[in-house]
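Quick notes on the structure that follows.
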Amino acid sequence: MAHTETRTGRSASKKRLFGSSRKSIALMIAAFRGWRRTVARRRALADMTPDQLNDIGHPEAHRPALDIKAGLITNLMSMR
């Protein structure tokens, strides 16, 4: 009687799994490095004065501001 062996696709799938996990790890590392660069850039810009920001050609940082128009309280009181 002839004896035949069949191979399962396990060996090929392991290679694919390791390859994809390496790729995903490389993507995570690249994303983390990009995030660190962004944080460092923001911190450096936050420490600069408006004059220094103008010198490097960067617009002044957006800071929260409260704009109150003249007569606002009068308008609000009249709405009651």
Side-chain angles (χ1 to χ4, degrees):
M1 231 177 173
H3 179 67
T4 59
E5 293 182 15
T6 58
R7 294 185 182 185
T8 60
R10 287 186 179 183
S11 62
S13 66
K14 284 184 183 179
K15 289 180 184 177
R16 284 188 212 137
L17 286 176
F18 288 131
S20 65
S21 66
R22 287 180 187 161
K23 187 176 182 180
S24 64
I25 290 171
L27 288 172
M28 286 189 291
I29 291 171
F32 180 70
R33 285 180 180 168
W35 174 78
R36 280 188 3 201
R37 277 190 226 115
T38 302
V39 169
R41 188 177 307 120
R42 287 181 184 164
R43 285 183 184 160
L45 288 175
D47 292 338
M48 291 184 166
T49 63
D51 292 332
Q52 290 173 330
L53 290 171
N54 285 335
D55 288 344
I56 63 170
H58 195 275
E60 191 171 333
H62 298 293
R63 302 232 162 85
L66 183 61
D67 295 330
I68 299 175
K69 295 181 181 178
L72 177 66
I73 298 298
T74 307
N75 289 339
L76 292 175
M77 294 299 287
S78 66
M79 288 182 195
R80 288 178 71 197

Notebook entry, point to check: Do the side chains of I73 and I68 get nearer than 4.5 Å, heavy atoms only?
Noted result: no
Checklist line | Connected-component partners of M28 among ILVMFWY, side-chain separation under 4.5 Å | finding: I25, I29
Check: Atom CE of M48 and atom CD1 of I56: how far apart are they, to the nearest 0.5 Å?
Finding: 4.0 Å
Checklist line | Nearest atoms (heavy-atom pairs only) where D47 meets Q52 | finding: O-OE1, 4.4 Å
